[in-house]
Amino acid sequence: MSDELRAEVALGCRILGREDQGDFVWGHVSARDPQGRGVWMKASTLGFEEIGPDNVILVGWDGEVLEGEGRRHAEFPIHTELMRARKDVTSVVHTHAPWAVAFASTEQPLRPLSHEGTLFVPPDVARFTKTGDLILTRELGEDLAAAVGDRNAAFMVHHGIVTCGPDVTTSVMTAVLLERACRTQLRAIAGGGPKTWSSDEEALAKRDHCYPPQLLRQAWDYLARRLDAER
Ligand SMILES: [Zn+2]
């Protein structure tokens, strides 16, 4: 079971690397340990595209490395505290997604200009603004989890993004789609600013039509095949 999870977390890392969400060796993907011991998480000092199953380690709820070789990331409380707060969350992603960081600094609401935005709005994306610094303590992890609330994502303003879901596929694809939604809106801003977007009603219908679990899985499988083809 843990072998499967480690492989899934590792593949999620490589997908995020290929989607330009890596920031040298920073950013991470995690999955809840089925035995409740903590989270299986990417090890530090490596870039997303370098991660294989052996680079995914079990980090306990207080940050101790319980299994696997490698150092843990200092920002592990992003993962442990979101999962402690949300029983429905089984996987968390944190990246320094460059388009999302740039977009969040504009303080403009994210609009459903394209399909991607409808996964998040309405209502507008949650924002964590308490600090743009690293999430190094349990307290900051709890504050971040409170900012996410029951949502699937939040901007960590001046820092990055956090996304979560019931499985690794969902949390990773949510991060991929949030970054794309921000890129689309920044392009529209560069073109004079968006004038129209989907109504709330249309956006909510599109969320159901475009991004049910089986379609997120199809997109994930495609991205995995693309990585294989490039090897
Ligand atoms: Zn970070």
Side-chain angles (χ1 to χ4, degrees), residues 9-10 12-32 38-51 55-57 59-65 70-86 89 91-107 110 120 125-149 151-165 168 170-183 186:
V9 168
C13 288
R14 296 197 301 279
I15 285 173
L16 289 166
R18 178 63 172 78
E19 287 289 301
D20 282 331
Q21 293 207 28
D23 180 14
F24 303 108
V25 297
W26 301 298
H28 5 95
V29 177
S30 70
R32 188 190 288 271
V39 300
W40 289 93
M41 193 174 160
K42 168 195 173 295
S44 69
T45 75
L46 297 166
F48 274 145
E49 66 284 355
E50 299 181 293
I51 299 297
N55 309 118
V56 178
I57 60 178
V59 176
W61 296 105
D62 296 314
E64 64 282 20
V65 177
R71 290 170 53 189
R72 68 148 166 76
H73 279 279
E75 289 194 299
F76 76 88
I78 295 172
H79 302 261
T80 50
E81 296 317 311
L82 193 44
M83 287 197 214
R84 245 198 274 252
R86 289 270 301 272
V89 166
S91 175
V92 173
V93 169
H94 166 60
T95 76
H96 302 165
W99 292 95
V101 169
F103 177 72
S105 78
T106 71
E107 289 203 326
L110 187 70
F120 307 97
V125 182
R127 283 161 208 263
F128 175 73
T129 57
K130 183 170 185 180
T131 179
D133 201 349
L134 303 183
I135 305 300
L136 298 176
T137 64
R138 181 168 179 181
E139 290 68 29
L140 280 173
E142 288 171 350
D143 290 341
L144 176 63
V148 175
R151 310 286 299 280
N152 61 350
F155 291 133
M156 298 165 69
V157 178
H158 308 152
H159 180 167
I161 60 171
V162 60
T163 64
C164 57
V168 176
T170 303
S171 64
V172 168
M173 288 311 304
T174 300
V176 168
L177 292 164
L178 180 56
E179 174 72 340
R180 285 177 175 236
C182 294
R183 183 179 67 184
L186 282 168

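Fair warning: this is a prediction, and the values are worked out from it, not measured in the lab. Note that ligands are numbered from 1 as they come in the structure, with each ligand's atoms numbered from 1 the same way. We're numbering straight along the sequence, starting at 1.
Between the side chain of Arg72 and the main chain of Ile57, no donor-acceptor pair closer than 3.5 Å is present. The backbone N or O of Ala175 sits less than 3.5 Å from a side-chain atom of Gln21, completing a donor-acceptor pair. Within the 3.5 Å criterion, the main-chain N or O of Ser91 finds no donor-acceptor partner in the side chain of Ser30.
Around the Zn ion (ligand 1), protein N, O or S atoms at less than 2.8 Å comprise Glu75 OE1, His94 NE2, His96 NE2, His159 NE2.
Qualifying side chain to side chain donor-acceptor pair (under 3.5 Å) partners for Thr174, counting only residues two or more places apart in sequence or in other chains: none.
Note: His159 and His94 have perpendicular aromatic rings, judged against thresholds of 30 and 60 degrees for the angle between ring planes.
Taking all atoms of both residues into account, the shortest heavy-atom contact from Val39 to Thr80 is CG2-CG2, 4.3 Å.
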